[in-house]
Amino acid sequence: MIAIFKTYLKFKTQIPKLTLHFDNLLTQGTWNFDPEDCDTIVRSYSEEPVALKVTTILKSHNFNCETLE
């Protein structure tokens, strides 16, 4: 299952803050950030649905995000 998120991250230096959380969440999947994209896209690839969990992680660290379909 692929989930894509628009994250509104402003600085590449913000990404390491979230790395541990995403690694723990997606133990059976993978994820990546595209800091060059104007929307700073986060993509997750997992066997299970994780959209709500990813959104919760980002919002708990004060990053606005929205799920893209």
Side-chain angles (χ1 to χ4, degrees):
M1 193 172 276
I2 299 172
I4 302 172
F5 307 88
K6 180 177 180 177
T7 65
Y8 303 96
L9 295 172
K10 292 185 169 89
F11 306 103
K12 292 179 187 178
T13 56
Q14 295 172 313
I15 295 170
K17 294 178 183 179
L18 302 171
T19 299
L20 180 61
H21 296 287
F22 283 109
D23 286 346
N24 288 334
L25 172 65
L26 296 168
T27 57
Q28 300 298 316
T30 60
W31 63 273
N32 65 46
F33 282 96
D34 186 353
E36 302 304 319
D37 185 277
C38 65
D39 295 325
T40 319
I41 296 294
V42 174
R43 289 178 190 84
S44 66
Y45 309 88
S46 178
E47 300 271 331
E48 60 188 57
V50 294
L52 181 60
K53 292 177 183 179
V54 169
T55 302
T56 300
I57 289 171
L58 289 167
K59 288 184 178 182
S60 72
H61 287 85
N62 298 316
F63 298 118
N64 291 326
C65 69
E66 57 187 85
T67 306
L68 301 177
E69 300 292 327

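Quick note: numbers below take in every heavy atom, side chains included, and nothing from hydrogens, waters or symmetry partners.
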Practice item. Could you tell me whether a side-chain N or O of D37 sits under 3.5 Å from a main-chain N or O of D39, the two making a donor and an acceptor? Key: yes
Check your understanding: Which value, rounded to the nearest 0.5 Å, describes the distance between H61 atom NE2 and T56 atom OG1?
Key -> 12.0 Å
Point to revise | Path from Y45 to I41 over hydrophobic side-chain contacts below 4.5 Å | key: yes
Study note, to complete from the structure: Interatomic distance, SG@C65 vs NZ@K6, rounded to 0.5 Å, equals 11.5 Å
Exercise for review: Take H21 and K53 through the test side chain to side chain contact (heavy atoms under 4.5 Å, CB included) and record every step on the way to the result.
Suggested key: CA-CA 10 Å; H21 296 287; K53 292 177 183 179; over 6 Å; no
Check your understanding: Would a distance-only check, ignoring hydrogens and angles, find a side-chain to backbone donor-acceptor pair under 3.5 Å from S60 to I57?
Key -> yes
Point to revise | Validation row: F63, L18 side chains within 4.5 angstrom (heavy atoms) | key: yes
Exercise for review: Before giving the answer on side chain to side chain contact (heavy atoms under 4.5 Å, CB included), spell out for N32 and V42 the whole-Å C-alpha distance, their side-chain angles and the decisive distance to 0.1 Å.
Suggested key: CA-CA 6 Å; N32 65 46; V42 174; over 6 Å; no
Practice item. To the nearest 0.5 angstrom, please state how far the CD1 atom of I4 sits from the CD atom of E66. Key: 12.5 Å
**Study point:** Heavy-atom donor-acceptor pair, T7 side chain to T40 backbone, under 3.5 Å
**Key:** yes
Review point. For the residue pair F5 and S44, what are the closest heavy atoms and their distance?
Key: CE1-OG, 4.0 Å
Point to revise | Value rounded to 0.5 Å, distance of CG in L58 from CZ in F22 | key: 4.0 Å
Check your understanding: How many angstroms lie between atom CG of L25 and atom OG of S46, to the nearest 0.5 angstrom?
Key -> 7.5 Å
Point to revise | Any residue meeting side chain to side chain donor-acceptor pair (under 3.5 Å) with E36, in chain and number order, not counting sequence neighbours | key: K12
Review point. What class does the angle between the rings of F33 and W31 fall in, given that below 30° is parallel, 30 to 60° is tilted and above 60° is perpendicular?
Key: perpendicular
